[in-house]
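Following: one structure in structure tokens, then a few remarks.
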Amino acid sequence: MRTVTVELGARGYPILLGRGASTGAAGLAALRDVVGGRRCLLVADRTVGALHAAGWRQALLAAGAAGCERTEFPAGEGSKTLATLAELYGVAARAGLDRSGVAVALGGGVTGDLTGFFAATWMRGIPFVQAPTSLLALVDSSVGGKTGVDLPEGKNLVGAFHQPRLVVGDLAWLDTLPEGELRNGLAEVVKYGAGLEAAFFADLERDAAALLARDPVVVERVVARCCEIKAAVVAEDERECEGGRRALLNYGHTFGHALETLTGYAGFRHGEAVAVGMVLAASLAVRLGLCPAEVVPRTTALLHRFGLPTRLPADPALTPDAMLEVMGRDKKTRAGGLRLVLPTALGATALVAVTDVAAVRATLEVARGKP
Ligand SMILES: NC(=O)c1ccc[n+]([C@@H]2O[C@H](COP(=O)([O-])OP(=O)(O)OC[C@H]3O[C@@H](n4cnc5c(N)ncnc54)[C@H](O)[C@@H]3O)[C@@H](O)[C@H]2O)c1
Ligand SMILES: [Zn+2]
């Protein structure tokens, strides 16, 4: 087992990673510091709840929790809503969970974001523990304190920064993760290498087969490296300030979100959309003369090895005009042009104000409808 620390002063916390992290002595000791003598509300979706909640609840009780209420909701992004949040408030109220309680999220990013936002707002804020069970949650959503829910008008529109007290990533939970969800998380893994650290990208090129085969040593090393990279970015720029590094974690995401929006969140998993988005961003950067040409084939090749798409499908809804229109609404856009995270080399990115709309259009056109 290893520990990665998110250095945020009084709001800092450890991320425990490894097979058996939730049941081993070190895990239980760290858990005791947070839940000892306190009542817990354990939140999971039904899929993860059926697989892992009973064992995790036992661990919470073994760590000295004074009680542990369980609640579950239907799996999927469709549950990351105000309605599910209202149900959590109801469960907490009926259970008499007060300010000494602890919320515990067991699951993927949906459970983590929802439970985190519950914890940020219940009784004006109670502590919470993240127990990520998807690769995406392990490497991304459980670290950094962004919590929230979706509205019918858009994703993640309501939220709060609320850092967890502890993240427990028991990598044995990944054994039950479906293949498609593994690939979904691998897109974010590639993002850390391609966007922030060339040496890690090279490690991924070397370890791709072992990672896909879920080799435990490689999985632990890769997850830990991702958490270290994200923890360092978050420590520098906790709240995604103007000009801060946290925005760079959105590499591939502006193009990706447009793709998700235009396909009604049905055509692509988030990670698949981000994979296409990184290739589009890299292609645009090359076209603008901002980065060396090799970035595109190397990024594409690694994404292919992970079974991820790298092209826009020949969908009539995905015209360059439609993509540009949605991208213009992106949170990072400011009056006067697009602001995109673009690579400047393999493993390096910058937030760039792009005024050459023709270049974006040409990039989108070239990427369309090819295999
Ligand atoms: N807070 C952040 O910083 C941040 C960062 C990235 C993404 N997100 C959010 O994360 C969400 C996506 O996360 P996700 O991909 O984990 O989605 P998810 O929580 O819906 O999980 C994906 C699917 O995998 C299943 N699953 C998870 N772990 C499993 C396991 N161990 N065994 C079997 N099945 C398992 C779930 O039941 C679900 O069906 C989005 O809502 C996104 O906005 C948040
Ligand atoms: Zn993402």
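One-based numbering, in listed order, for ligands and for the atoms of each. This structure is a prediction, so every number in the text was calculated from the model and none was measured.
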So which bit of [X] gets within less than 4.0 Å of ligand 1, heavy atoms only: side chain, backbone, both or neither?
X      : value
Asp113 : side chain
Asp175 : neither
Lys146 : both
Ser134 : both
Thr133 : both
Leu177 : both

Seminar exercise, completed: Note: Gly169 and Leu138 closest approach over all heavy atoms is CA-CD2, 3.7 Å
Does [X] come within less than 4.0 Å of [Y], counting only side-chain N to carboxylate O?
X      : Y      : value
Arg269 : Glu77  : no
Lys80  : Asp113 : yes
Arg19  : Asp175 : yes
Arg221 : Asp207 : yes
Asp321 : Arg361 : yes
Lys191 : Asp140 : yes

Could you tell me which atoms of ligand 1, counted from 1 in the order shown, lie closer than 4.0 angstrom to a heavy atom of [X]?
X      : value
Gly108 : 16 (O), 19 (O)
Leu51  : 32 (N), 33 (C)
Val48  : 26 (N), 27 (C), 28 (N), 29 (C), 35 (C), 37 (O)
Ala75  : 37 (O), 39 (O)
Asp140 : 5 (C), 6 (C)

Seminar exercise, completed: Taking the Zn ion (ligand 2) as the apex, Glu188 OE2 and His270 NE2 span an angle, rounded to 10°, of 90°
Suppose we measure from [atom] to each protein heavy atom; which comes out shortest, and what is that distance?
atom                    : result
atom 38 (C) of ligand 1 : Asp45 OD2, 4.0 Å
atom 31 (N) of ligand 1 : Trp173 O, 2.9 Å
atom 20 (O) of ligand 1 : Val110 CG2, 3.3 Å
atom 7 (C) of ligand 1  : Leu136 CD2, 3.7 Å
atom 41 (O) of ligand 1 : Glu77 OE1, 2.7 Å
atom 4 (C) of ligand 1  : Ser141 CB, 3.3 Å
atom 32 (N) of ligand 1 : Thr176 OG1, 2.6 Å
atom 10 (O) of ligand 1 : Gly109 CA, 3.3 Å

For [X], state whether at least one heavy atom is located under 4.0 Å from any atom of ligand 1.
X      : value
His270 : no
Pro178 : yes
Lys230 : yes

Exercise. So is there a nitrogen or oxygen of Val143 less than 3.5 Å from a nitrogen or oxygen in ligand 1?
Worked result: no
Problem set entry | ligand 1 to Asn184 polar contact by distance, N or O atoms, under 3.5 Å | yes
Applying the 4.5 Å side-chain criterion to the ILVMFWY set and letting contacts propagate, would [X] and [Y] be lumped into a single cluster?
X      : Y      : value
Leu182 : Trp173 : no
Leu136 : Leu171 : no
Leu186 : Tyr192 : yes

Problem set entry | Closest to atom 42 (C) of ligand 1 (judged by heavy-atom distance), picking from Lys80, Glu181, Arg246, His253 | Lys80
Exercise. Knowing that exactly one of Val274, Val326, Val360 qualifies, which makes a side chain to side chain contact (heavy atoms under 4.5 Å, CB included) with Phe255?
Worked result: Val360
For this session: Check whether the side chains of Tyr13 and Gln163 place a donor and an acceptor atom closer than 3.5 Å, and report yes or no.
Result: yes
For this session: Using distance alone, with no hydrogens and no angle criterion, decide if His52 and Thr176 have a side-chain donor and acceptor under 3.5 Å apart.
Result: yes
Exercise. With a 4.5 Å limit on heavy-atom distance, are the side chains of Arg246 and Val234 in contact?
Worked result: yes
Exercise. Does Arg183 use its side chain to pair, donor to acceptor, with the backbone of Leu212 at less than 3.5 Å?
Worked result: no
